Amino acid sequence: MFNIGKTALLNQMILQSPGNAFFKDTSGIYKVVNLNYANYLDRPLEEVIGKTDFELFDALTALALQKADDLAIRNGEEYEIEEADLRTGKTYLSKKIPFYNKKGKPIGVFGISFDITQRKKQEFQLAEAKQKAEDANQAKTVILSSISHDMRTPLNVIDGAASLAEMRVELTPEVQECFAMIRKAIKMLGDMVNRVIDSARIQTNEFKIQKEDICLPEIINDVIEFEKSLIDKPVIINHHYEANEYFYTDRDCMQHIFLNLIGNAVKFTEQGEVTITIKGDEECLKIIVQDTGIGIPEDARERIFEPFERVVRTDRSKYKGYGLGLPTVKKYVEALGGEILLSSIVGEGSTFEVNIRA
Ligand code: ADP
C-alpha cells in the first residue's frame with residue numbers, strides 16, 4: 001500500500017517515467033499525465049488533465065480501464081494487466097498502483113503502461129513455430145511407425161523361411177556362416193523396427209503406467225544378453241547390481257529405459273566398456289549407464305532428448321537410428337516421476353543416470 005505525502009515528487013516521477021504514465025483520482029479524473037501518454041491519446045497534455053476515460057476513450061475501453069483501476073484500489077495492492085487497445089490494435093502491459101493518504105483513505109491510482117505489441121507478436125510467432133515443429137515431428141513419427149509396422153510381416157517371413165531352410169538342408173560351414181549372418185541381420189532389423197514402433201507409441205502418448213513388483217536382474221540380464229549378441233567390436237558390457245531384487249514399477253518402462261540406454265552406449269562406443277550400475281532400495285532406484293564412447297558435445301546435451309535430434313549427422317551407416325530413443329526414455333522416466341541426468345566428455349565417454357521412485 002502506497003502512502004502519499006509528497007505530491008510534487010509523484011508528479012515529477014510521472015512526468016519523467018518511460019512508457020505511458022498517469023495519476024487518476026478516485027473519481028477517475030486524470031490529475032497528472034506524462035507526454036508519452038498525451039501523445040498516445042493524440043492530444044495536448046492540458047486537454048487530458050481534468051478528463052475521465054469516458055471522455056477520452058470509447059465506452060468499452062473506458063469501462064475496462066475503470067474496472068482495472070477499481071480493482072487496484074479495492075485490493076489495496078498493485079495490479080498488473082495486459083490491455084488490448086481496440087483503437088490501435090496494440091497490446092500494453094500496464095501496472096496500476098493504488099495510493100492512499102496518511103489516514104489510509106484511497107486518493108487515486110498511479111498507472112504506467114508499456115507497448116508490448118512486438119513482444120506479444122514474437123511470443124505468438126515462437127509458439128506457432130514450436131507447434132508447427134511439434135506437428136511435423138508427430139507426422140514423421142506416425143509415418144515411421146507405419147513403415148516399421150509394414151516391415152514386420154516381411155521380416156517374419158524371412159525369419160521363418162531362413163529357419164526352415166536351415167533345418168531342411170545339409171549345410172556346409174560356409175553356408176552355416178551365411179545363415180548366422182542372416183539371423184543377426186534379422187535380429188538387428190527386428191530390434192530397430194520394434195524400437196521405432198514403441199517410441200512412436202510413446203511419443204503419441206499411447207501408453208499407461210502399470211506398476212507391479214518386477215524382478216530387475218531378470219530384465220537387465222535379458223537386455224544385456226540381447227545387446228551382447230549384436231556386438232561385433234571390441235566392447236565389453238559389465239554390470240554391478242547393488243539394489244533389491246524386486247522393485248515396484250512399470251515393466252515396459254524399465255525394459256525400454258535399459259534397452260535404449262544400453263543400446264546407445266554400445267552403439268556409440270567403438271572400443272572399451274559399457275558399465276551398468278544399479279543402486280537403491282525399495283523406495284528409490286538409481287540406474288547408471290556409463291560408456292567409453294565418442295561422448296556428447298555440451299551444446300547437444302539438451303536437444304538430444306527431443307524427437308529426431310541426433311549429434312551424428314554424418315556416418316549414419318555406422319551409427320544407425322532415428323533420434324527417438326532418448327525422447328522415449330525421457331517420457332518414461334518423467335511418467336515414473338523421475339529424472340534423467342547426463343554427463344559426458346567428448347572422446348572419452350558418456351554417463352546417463354536415471355533416478356526413479358517406486
Ligand atoms: P538414436 O540413437 O536413434 O540416434 P537417441 O534418441 O537414442 O536416438 O539418441 C539421440 C542422439 O544422442 C544420438 O543420435 C547420439 O548422437 C546421441 N547419443 C545418445 N546416447 C549416446 C551415447 N551413449 N554416446 C554418444 N552419443 C549418444
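Since this is a predicted model, take the numbers as computed values, not measurements. Just follow the structure's listing: the first ligand is 1, and inside any ligand the first atom is 1.
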Asker: Which atoms of ligand 1 have any heavy atom of E309 under 4.0 Å away?
Answerer: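 Per the distance check, 10 (C), 11 (C).
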
Asker: Could you check T61, V48, L65 and say which one makes a side-chain contact (heavy atoms from CB on, under 4.5 Å) with L56?
Answerer: V48

Asker: Do K95 and F114 have side chains that get closer than 4.5 Å, going by heavy atoms?
Answerer: no

Asker: If you count the atoms of ligand 1 from 1 in the order shown, which ones are under 4.0 Å from a heavy atom of Y322?
Answerer: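 Close to Y322: 3 (O).
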
Asker: Would E55 and R43 pass as an ion pair if we require N to O under 4.0 Å?
Answerer: no

Asker: Short list, please: which atoms of ligand 1 are under 4.0 Å from a heavy atom of G295?
Answerer: 25 (C)

Asker: Would you say P327 has any N or O atom under 3.5 Å from an N or O of ligand 1, going by distance alone?
Answerer: no

Asker: Please step through side chain to side chain donor-acceptor pair (under 3.5 Å) for the pair Q131 and D135, ending with a clear verdict.
Answerer: CA-CA 6 Å; Q131 189 58 49; D135 290 348; 3.0 Å; yes

Asker: Under 4.0 Å from a heavy atom of S350: give me the atoms of ligand 1 that qualify, with their elements.
Answerer: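 Matching atoms, with element in brackets: 24 (N).
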
Asker: Quick check with a 6.0 Å cut-off and a 45 degree axis cone: is K90 positioned over the face of Y92's six-membered ring?
Answerer: no

Asker: Do K320 and ligand 1 have an N or O pair less than 3.5 Å apart?
Answerer: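 No, since none of the N or O atoms of K320 sits under 3.5 Å from an N or O of ligand 1.
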
Asker: Does V311 reach ligand 1 with a nitrogen or oxygen that is under 3.5 Å from one of the ligand's nitrogen or oxygen atoms?
Answerer: yes

Asker: Could E123 and R119 be called an ion pair, given the rule that one side-chain N must be under 4.0 Å from one carboxylate O?
Answerer: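 Looking at R119 together with E123, the answer is yes, because their closest N to O distance falls below 4.0 Å.
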
Asker: Would you kindly specify which portion of L326 sits under 4.0 Å from ligand 1, judged on non-hydrogen atoms: side chain, backbone, both or neither?
Answerer: both

Asker: Considering both backbone and side-chain atoms of G323, is one of its nitrogen or oxygen atoms within less than 3.5 Å of a nitrogen or oxygen in ligand 1?
Answerer: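 Yes, at least one N or O pair falls under 3.5 Å.
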
Asker: So, regarding F352 and ligand 1 (criterion: nitrogen or oxygen to nitrogen or oxygen, under 3.5 Å), is there a contact or not?
Answerer: no

